[in-house]
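The figures that follow rest on heavy atoms only: side chains count, while hydrogens, waters and symmetry mates do not.
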Amino acid sequence: MVALPEEARGILKSGHWRKIPSSASQPMYERRVEGGDAILAVSGVGRVRAEAAVREVLDEFRPGAVISLGFAGGLSAGQRAGDLVVARVLIPAGRAPDGAQKPRLNESLHANRALTDKALDVLATSGLRYQAGACVTASEIVSHPDAKRRLGADADALAVDMESFWIGSVCRERKAPFLATRAIVDTAERPLPDFIARSAPDAAAGNRWRAAMSAILHPQSLPDLIRLSGAASEARNSLAVFASGFLRAWPYPVGQ
């Protein structure tokens with residue numbers, strides 16, 4: 001499961017994927033792996049799209065495991081663009097009265113231990129930088145360094161995204177083994193330009209013209225856009241390397 005085509009691009013280029021017809025509302029791709037098939041689904045951003053997409057995948061394909069892949073914001077000092085975070089624990093967060101994203105620690109869920117261990121085995125020989133720990137799934141983009149550091153400290157977490165917890169929650173409900181692995185794009189020390197955060201819903205909804213116009217109307221942010229483009233390229237490469245290695249390691253026994 002990925003949220004956006006930009007997150008899928010490197011994975012699709014690194015293997016023999018083909019687009020397949022599906023009853024699902026979002027694009028689906030398939031490739032052969034040892035012992036079966038792998039399905040790559042593009043869900044769209046946020047809780048509603050992620051939950052709907054993973055339910056469609058579970059109903060139509062009945063997969064042996066579900067993996068949430070994609071970009072994330074860093075919450076820990078010293079991370080670099082392209083670093084991978086394997087989520088041992090997923091924590092939801094919502095808007096607090098002061099406007100900050102507040103983790104709901106009592107609702108956290110654990111990823112499947114066998115999948116987590118296999119992901120770490122794959123990464124140990126990949127040459128990639130990686131960490132394992134908690135990840136937060138926020139209800140909106142967390143863009144400013146102070147907010148990211150605060151969220152990281154409150155949750156004792158390494159990364160923040162907008163889908164993984166909700167995908168994991170559906171998988172727990174359906175008793176499907178689940179893993180989340182995310183690639184850092186914007187580090188804890190780096191802000192996302194405000195206009196990018198504001199235009200994210202347009203990009204998520206497929207309105208690329210409105211999202212592009214937002215960039216055109218903010219030329220002073222061109223250096224930030226160039227930096228983010230490079231960071232996204234690093235993240236895509238890391239996701240592609242990880243996904244390829246993980247699929248080569250399949251199949252293996254996975255408990256609930």
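Smallest separation of non-hydrogen atoms from Ala134 and Ala155: CB-O, 4.4 Å. For the pair Val57 and Ala41, the tightest heavy-atom approach, listed with the atom from each and the gap, is CG2-CB, 3.8 Å. Among all heavy-atom pairs drawn from Ile167 and Ala50, the shortest one is CG1-CB, 3.9 Å. Arg18 and Glu30 get closest at one heavy-atom pair: NH2-OE1, 2.7 Å. What you find for Ala81 and Val185 is that their closest heavy atoms are CB-O, 3.9 Å. When all heavy atoms of Lys19 and Pro27 are compared, the closest pair comes out as CE-CB, 4.2 Å.
Applying side-chain contact (heavy atoms from CB on, under 4.5 Å) to Met162 and the options Ile141, Val142, Val136 leaves one that passes, Ile141. The side chain to side chain donor-acceptor pair (under 3.5 Å) with Asp146 is formed by just one residue from the set Arg150, Arg149, His144; it is Arg149. Checked options Leu58, Val54, Ile39; the residue passing with Pro63 is Leu58 (criterion: side-chain contact (heavy atoms from CB on, under 4.5 Å)).
Side-chain contact between Asp59 and Arg174: present, with at least one pair of heavy atoms (C-beta onward) separated by less than 4.5 Å. A heavy-atom distance below 4.5 Å is found between the side chains of Ile67 and Leu179. Ile11 has its side chain within reach of Trp17: a pair of non-hydrogen atoms, C-beta onward, lies under 4.5 Å apart. Phe71 places none of its side-chain heavy atoms less than 4.5 Å from the side chain of Asp186. Considering only heavy atoms from C-beta on, Arg9 stays 4.5 Å or farther from Val2 through its side chain.
Of the possible polar contacts, none joining the Ser244 side chain to the Val241 backbone as a donor-acceptor pair under 3.5 Å is found. Within the 3.5 Å criterion, the main-chain N or O of Leu69 finds no donor-acceptor partner in the side chain of Glu7. Not a single donor-acceptor pair under 3.5 Å links the side chain of Ser169 to the backbone N or O of Trp166. In this structure a side-chain-to-backbone donor-acceptor pair under 3.5 Å is missing from Ser233 to Ser229. Lys148 contributes a side-chain N or O that, together with a main-chain N or O of Arg190, makes up a donor-acceptor pair within less than 3.5 Å. Looking at Arg49, its side chain does come within 3.5 Å of a backbone N or O of Val45 through a donor-acceptor pair. One N or O on the side chain of Gln79 and one on the backbone of Leu158 form a donor-acceptor pair closer than 3.5 Å. Without hydrogens or angle criteria, Glu189 side chain to Gly78 main chain gives a donor-acceptor distance under 3.5 Å.
Enclosure of atom CZ in Arg80 is not indicated, since only 12 or fewer non-hydrogen atoms of other residues, nucleotides or ligands lie within 6.0 angstrom.
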Please report the C-alpha distance between Lys118 and Asn112 in whole Å, then the side-chain angles of each, then the deciding distance to 0.1 Å, and finally whether the side-chain contact (heavy atoms from CB on, under 4.5 Å) criterion is met.
-> CA-CA 10 Å; Lys118 179 55 66 174; Asn112 178 274; over 6 Å; no
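Rounded to the nearest 0.5 angstrom, Ser126 OG and Leu84 CG are separated by 7.0 Å. Within the model, atoms CG of Asp156 and CD1 of Ile91 stand 7.5 Å from one another, a figure rounded to the nearest 0.5 Å. The distance from the OG atom of Ser238 to the CG atom of Leu128 is 5.0 Å, given to the nearest 0.5 Å. Between the CD atom in Gln101 and the OG1 atom in Thr137 there is a gap of 10.5 Å [rounded to 0.5 Å]. From Glu56, atom CD reaches atom OG of Ser43 across 10.0 Å, with rounding to the nearest 0.5 Å. With rounding to the nearest 0.5 angstrom, the NE2 atom of His110 is 13.0 Å from the CZ atom of Phe178.
A continuous path of ILVMFWY side-chain contacts below 4.5 Å connects Leu247 to Val86, so both sit in one hydrophobic cluster. Criterion: ILVMFWY side-chain heavy atoms under 4.5 Å apart, direct or through other members. Under it, Leu239 and Leu115 are part of a common hydrophobic cluster. A continuous path of ILVMFWY side-chain contacts below 4.5 Å connects Phe242 to Leu120, so both sit in one hydrophobic cluster. No continuous path of hydrophobic side-chain contacts links Tyr130 to Val160 [ILVMFWY only; heavy atoms under 4.5 Å]. A chain of hydrophobic side-chain contacts below 4.5 Å, direct or via other Ile, Leu, Val, Met, Phe, Trp or Tyr residues, connects Leu90 to Met1.
Side chain to side chain, Ser68 and Arg182 meet the donor-acceptor criterion of an N or O pair below 3.5 Å.
A salt bridge is defined here as a Lys NZ or Arg NE, NH1 or NH2 lying under 4.0 Å from an Asp or Glu carboxylate O, and Arg31 with Asp37 fails to meet this definition.
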